[in-house]
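Here is the structure we will look at, set down as structure tokens.
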Amino acid sequence: MSNQRQKLLQEIIEQSSDPDLIKKAYEFAEKAHKGQKRQSGEDYIIHPLYTAYYLSELKLSAVTVAAGFLHDVIDDTPITSEQIKKEFGKDIAFLVEGVSKLGKIKYRGVERYIENLRKVFFAMAKDIRVILIKLCDRLHNLQTLKYLPPEKAKRIAIETLDIYAPISFRLGMREMTGKLEDAAFPFAYPNEYKQLLKQVKEKYEERKKYLRKIQPIVLKQLKKQRIQPIEIDYRSKYYWSLYKKLQRYDNDLSKIYDLVAMRIIVKDIEDCYKTVGVIHKLWNPLLGRIKDYIATPKPNGYRSLHTTVFCIGGRITEFQIRTPEMHKEAQYGIAAHWYYSEQKGLKAYIKRLIAKAPERGFYWIAQLGEYQENTRGVSPDKYLESLKLDFFRNRIFVFTPQGDVIDLPEGATPVDFAYAIHTEVGNHCNQAKVDGKIIGLNQPLKNGEMVEIITVKNRKPSRDWLNFVKTNLARYRIKSCFKEETKIDKKEIIAKVLSPLSKIRKKIKPIKSKPQKPAKVSLAGQTGIMINLAKCCSPKNGDKIVGYITKDRRATIHKIDCANFKKIKKKWPQKIVKATWKQEK
Ligand code: MN
């Protein structure tokens, strides 16, 4: 075994409470991947080894670290999940399987892919540890991006910035987020990265030098006030996070005060506030820049006191003050709580996560809190080990043959699925195939199934469907189909009485045929998009309207005061776009 490998493995073993399990998992993985190489030319085992190493850095349990060693075994070697179960038990097999499932999603155009991946991420990752493994797996893959073809590297990098980093951020894992983003940035946006580096590299160095001078001054004052800091140093802002911030500040570097910030860690909350007092006595604070994230933590759980002062030479400098516990949380987020001996810590942490969740649209975090409520009385160990993100408890996710994910309530049938795809598919739905086999239209679908609907032109909805469909959408569409038929029937009878046959045809035609005229609406920043007028409020030319982007390049137009729309807006504010009527000439 190479020196580097030996060293990594040794460190993991020293960290672990179960060295035997660690060794066993390593040896199993090494044997399974024998002969396989990474693009870098190294033996494949280096990748699972690093994945496990990052997991152990997060101080996760031996079970999770072992699963990290084994995470690519099912996909890339002949080993089956049954074998893992036999060798390592149910728990590890479950984690390895979870990671494998996450890797199975196909890439089909970036927009659709992201939406799918997000959903599946949460649906499949029933256990938060699966996500943590996936994040560590990704972190190592990013470090070897330079060996991949540029196009592939770019895709992986963008996907990291779009999906993995935000998830990591929401779990409060700032250090992980920063590492993921800064590893992805140069490959996702090489020009912007180079540009930024040119802009700030010297500044970073210069700021660090300056803070090195400030450090002893602060320390002296703190000691005078009998505050003994546990740690006092400075940290540079991550590049990607700086890049994003600069975009919000007109690319004006002089407006960014936390390029390099001074960080002070003190023993308790009282000392945090005292420290701010000391700093304000030394230097004048900038108005409106004192931020008390201890009293009101950020939505992702972050706690600290921030203040910005006119420091020596009038230089604007940011200070961040926190306790060791807050510091650990700020770095490791949710993972920081795995090893807490009592439940209290994790519960309090999740409470803070959910405090501001709904207003930010983080519904899944709110659900996490709900889960926590339901697990009262469970032993802390069990609770920590199996904290499940089952916020999709009552939902199932099934696939179209094209790989799109359809999100349905539990117990939904192929008819619900058909209507979820399109009204016409529902109305003419004749047969359903699940994973290639024909099943009854009333048979409940299961999570992860691939469903294909076979339509027949003359097929019409049956009243019987109303007895088993689960979605309101399907129910509504089936009923309205019957209503329409009755309407046509009546017209037909009246027409028959009043007119000769030729006229009947003319009269019936506009009712029967329903070609949708494309609506004359334009959407801000969108072209080539299919536009439907919402049935709930039926907007007419001249009404004040807004657009709601659904999926697959479709948009629904609502009146601005439509009650339905208001609900949608609350839930998916990011999908709302400005809409105006096109002027007809
Ligand atoms: Mn991997």
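Note that the numbering runs from 1 along the sequence shown for the chain. Just so it is clear, the model here is predicted, and its values are computed rather than measured. Just so you know, ligand 1 is whichever comes first in the structure, and atom 1 is the first atom listed for that ligand. As a basis for the values below, the full set of heavy atoms in this structure was taken, side chains included, without hydrogen atoms, waters or symmetry mates.
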**Prompt:** Above 12 or not: heavy atoms from other molecules or residues under 6.0 Å from NZ of K24?
**Reply:** yes
**Request:** Not counting sequence neighbours, which residues clear side chain to side chain contact (heavy atoms under 4.5 Å, CB included) with A184? List them please.
**Result:** L142, A157, T160, L161
**Item:** Atoms of protein origin (N, O or S) under 2.8 Å from the Mn ion (ligand 1)
**Value:** H47 NE2, H71 NE2, D72 OD2, D137 OD1
**Asked** Is the Lys NZ or Arg CZ of R174 less than 6.0 Å from the centre of Y302's six-membered ring, within 45° of the axis?
**Response** yes
**Message:** Just to verify, what does Y239 make a ring pair (Phe, Tyr, Trp, His ring centres under 6.0 Å) with, not counting sequence neighbours?
**Reply:** Y204
**Item:** E175: partners by side-chain hydrogen bond (donor to acceptor under 3.5 Å, both in side chains), with sequence neighbours left out
**Value:** Q331
**Message:** Using a strict threshold of under 4.0 Å (side-chain N to carboxylate O), is an ion pair present between D416 and K470?
**Reply:** no
